[in-house]
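These notes concern the structure reproduced below.
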Amino acid sequence: QVQLVESGGGLVQPGGSLRLSCAASGTIFGIKPMYWYRQAPGKEREWVASISNYGTTNYADSVKGRFTISRDNAKNTLYLQMNSLKPEDTAVYYCSGWGTWGQGTQVTVSS
């Protein structure tokens, strides 16, 4: 079983940047696709970005051009670089992979 722990969230002003990390531990074997999701208050959880076994990335239209998903397989860590943040990006961000979810990290974009 794999455990995922997100970190790096916080309060940032509009136009600012944050870098989220998702550290995997436990029984890890093989390279699997990984995902970032987010859930804003009163909204359904939505997919944000994904990265394949081989590094192919995909993004939701709402974050395309602003967010970058990456992974360091040697460190078992997933990243989400978030630039040009908007208030609408405010949400709890979750990483997912190996059939499990992290606990989430809060991102608040406000002036």
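We're numbering straight along the sequence, starting at 1.
Gln13 CD: 12 or fewer foreign heavy atoms inside a 6.0 Å radius.
Between atom OG of residue Ser70 and atom CZ of residue Arg19 there is a gap of 6.0 Å, rounded to the nearest 0.5 Å. Atom CD of Glu6 is separated from atom CD of Gln103 by 4.5 Å, given to the nearest 0.5 angstrom. Taking CD of Gln1 as the reference point, atom CH2 of Trp98 lies at 13.5 Å (rounded to 0.5 Å). Atoms CG and CH2, from Leu20 and Trp36 in turn, are 4.5 Å apart once rounded to the nearest 0.5 Å. One distance of note links CD1 of Ile28 with CD of Gln3; it measures 8.0 Å at 0.5 Å rounding. The SG atom of Cys95 sits 9.5 Å away from the CD1 atom of Ile69 when rounded to the nearest 0.5 Å.
Taking the side chain as every heavy atom from C-beta outward, Leu11 and Ser110 approach each other to under 4.5 Å. In this structure, Ser7 and Thr105 have side chains that are not in contact, with every pair of non-hydrogen atoms separated by 4.5 Å or more.
For Leu18 against Leu85, the heavy-atom pair with the smallest separation is N-CD1, 3.8 Å. In terms of heavy atoms, Ala49 sits closest to Tyr59 at CB-CD2, 3.7 Å. Across all non-hydrogen atoms, the minimal contact from Tyr93 to Ala91 is CD1-O, 3.4 Å. When every heavy atom of Ser84 is checked against every heavy atom of Ser17, the shortest pair comes out as N-OG, 4.3 Å. Closest heavy-atom contact between Leu4 and Ala24: CD2-CB, 3.5 Å. Contact detail for Thr108 and Gln106: the closest heavy-atom pair is OG1-NE2, 3.3 Å.
Cluster annotation: Val92 and Trp47 are assigned to the same hydrophobic cluster (Ile/Leu/Val/Met/Phe/Trp/Tyr, side-chain heavy-atom contacts under 4.5 Å, transitive). Cluster membership check: Val48 does not share its hydrophobic cluster with Tyr94, using side-chain heavy-atom separations under 4.5 Å among Ile, Leu, Val, Met, Phe, Trp and Tyr. No continuous path of hydrophobic side-chain contacts links Leu78 to Tyr35 [ILVMFWY only; heavy atoms under 4.5 Å].
In this structure, the side chain of Asn53 engages the main chain of Ile31 through a donor-acceptor pair within 3.5 Å. Using a distance-only test at 3.5 Å, with no hydrogens or angles considered, no donor-acceptor pair links the side chain of Tyr79 to the main chain of Thr68. Remark: side-chain polar atoms of Arg38 are not paired, donor with acceptor, to backbone N or O of Thr90 under 3.5 angstrom.
Electrostatic pairing of Lys86 and Asp89 does not count as a salt bridge here, judged by no charged N lying under 4.0 Å from a carboxylate O.
Here the two rings, on Trp101 and Tyr37, have centers that are under 6.0 Å apart.
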